[in-house]
Amino acid sequence: MLAETVVAPTLQTPAGRHGLQRQMLKWYACAGRQLPWRQSRDPYRIWLSEIMLQQTTVAAVIPYFERFTAAFPDVKALAAAPLDDVLRLWEGLGYYSRARNLHRAAGLVVSEHGGQFPADAVQLQKLPGIGRYTAGAIASFAFDLPAPIVEANTERLYARLLGLQLDVRSAAGQKQLWAFAESIVSTERPGDFNQSVMDLGARICTPTSPRCSDCPVREYCGAFRLGLQHELPRKPPRAPVTAIAELAVIPMRVQQGRRQFLLRRRDTGERWAGMWDAYREETQPEILDALPVSAFQTKPRSRVGSLFSAEHEQLPAATLERVKQQSGAVLGAVTAALQLTYAVTRFKVRLTAVVCRVHQSPRSLPDGWSWHAQEDLGELPLSKTGRQITDWLQQFGN
DNA sequence: AATACGGGGAG
DNA sequence: CTCCCAGTATT
């Protein structure tokens, strides 16, 4: 008698892949996440959510998505809005080039596509801020086109299914993952299928402690078969964090009984481009240590607002010179200081911000610089750190 | 191929 | 603390 060999399901054949697709869609129907951007097929809302979700957790995005769609219900409204309004709504979400590209892309959709998103991954990817993943996501979620996707969840899931030993970030690894994504995407229900693999990655095939016992496709999984689910996907070591010291200087003046602070708008190409910020310079930790604020630092790593006791504490002469050169302001005594730490990309920054009186303000300020009334600081688009500084500035005199 | 780009959440 | 997150653009 011919022994009927029980073969593990394989993803090498169309039949095997179809089996996985069916399992995924079945699982998704009862275990898929309910998310605000899944309530419609509106390409605008799907696009917006996808941009917000780039390198950003679902939990962080939800409140931004709600506020954003309330303010700008469609692509036309977004295109018509001033960039500053868009940046202000994006504030705190990070990766601000996303907001600038979003605004640019909205303008292009209106001007080049008659206000309609193209139902085509290739066309979508030509829009700023839309790469291969996002183009595939919009094409499949909004238009139900069989476009492949590879992002954090699918990358992990597919690397495990394949038992992929390559570094998933390498060109060779990415090539394999995209080829697999292309081969596995359902031609019948590509939108639901792509969302199902993302949800499985998020809920079952998690980075640490994957819940293989609950996984509907573990019989297809190379990593599970080999017991490598904790080893895969393989990633290169992370770049080490560099410690940095930073000094921020905020000139202050009083005009008609109102406090004003001198700030600048960050240039294109800089970090936090287009957003307002205090003058900042990288410095040496010793410089910060030498500032008398340290006497007031009671809690490390926390914000400490403190008035200097002496009226004539001064900053390093070189700093005063740079502030004068860049802003035109001639500074007087330091009146207050704030210490905080923050992390940005691969840097961990210890920042001391000081408020200085102004001896002399130039008749006309250099490009990008301007005085801002204390009560108007809330209107400005600022980075997280910038907001921490202005929140502190708003307490002055109270 | 490497690097820059933010901030928050989870373990 | 560390790791990770619905990546993209630039060099």
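Naming: A, B, ... by sequence-line order, numbering from 1 per chain. Below, each value reflects all heavy atoms present in this structure, side chains not excepted, and no hydrogens, waters or symmetry copies.
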_What contact category does A/Ala152 fall into here, base, sugar-phosphate, or nothing, at under 4.0 angstrom with non-hydrogen atoms?_
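It contacts sugar-phosphate atoms only.
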_Applying a 4.0 Å non-hydrogen cut-off, can you work out what A/Arg38 is touching in the nucleic acid: base, sugar-phosphate, or nothing?_
base
Got a sec? Which of [range] come in under 4.0 Å of DNA chain B, heavy atoms?
range: residues 204-212 of chain A; answer: none
range: residues 265-284 of chain A; answer: A/Arg271, A/Trp272
range: residues 376-385 of chain A; answer: A/Ser383, A/Lys384

_Using the ring pair (Phe, Tyr, Trp, His ring centres under 6.0 Å) criterion, which residues pair with A/Phe65? Sequence neighbours excluded._
A/Trp37
Using a 3.5 Å cut-off and no angle test, enumerate the donor-acceptor pairs between side-chain atoms of residues 268-275 of chain A and protein atoms at least two apart in sequence or in another chain.
residue: A/Glu270; atom: OE1; partner: A/Arg264; partner atom: NH1; Å: 3.2
residue: A/Glu270; atom: OE1; partner: A/Asp267; partner atom: N; Å: 2.6
residue: A/Glu270; atom: OE2; partner: A/Arg264; partner atom: NH2; Å: 2.9

*Map A/Ile130 and A/Val241 onto DNA chain C by nearest heavy atom, then report which one ends up closer to the 5' terminus.*
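Nearest-nucleotide comparison on DNA chain C picks A/Val241.
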*asked:* For A/Phe68 and A/Trp90, take the angle between the two ring planes, folded into 0 to 90°, and tell me which bin it lands in: parallel under 30, tilted 30 to 60, perpendicular over 60.
replied: perpendicular
*Donor-acceptor pair, A/Thr69 side chain versus A/Glu66 backbone, under 3.5 Å?*
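Yes, because the side chain of A/Thr69 sits within donor-acceptor range (under 3.5 Å) of the backbone of A/Glu66.
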*Considering the options A/Arg350, A/Lys348, A/Arg280, which one meets the salt bridge (Lys or Arg N to Asp or Glu O under 4.0 Å) requirement together with A/Glu246?*
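Of all the options given, the one that passes is A/Arg280.
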Length of the line joining [X]:[atom1] and [N]:[atom2], which is rounded to integer Å:
X: A/Ile51; N: C/dA9; atom1: CD1; atom2: P; result: 8 Å
X: A/Tyr95; N: C/dA6; atom1: OH; atom2: C1'; result: 14 Å
X: A/Lys126; N: C/dA9; atom1: NZ; atom2: C1'; result: 18 Å

*Do the numbers put A/Arg189 on top of the ring of A/Phe193, so that NZ or CZ is under 6.0 Å from the six-membered ring centre and no more than 45° off the axis?*
no
*Using the heavy-atom set of chain A and a strict 4.0 Å cut-off, write down the first and last nucleotide of DNA chain B that makes it in, 5' to 3'.*
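Span of nucleotides near chain A: B/dA1 to B/dG8.
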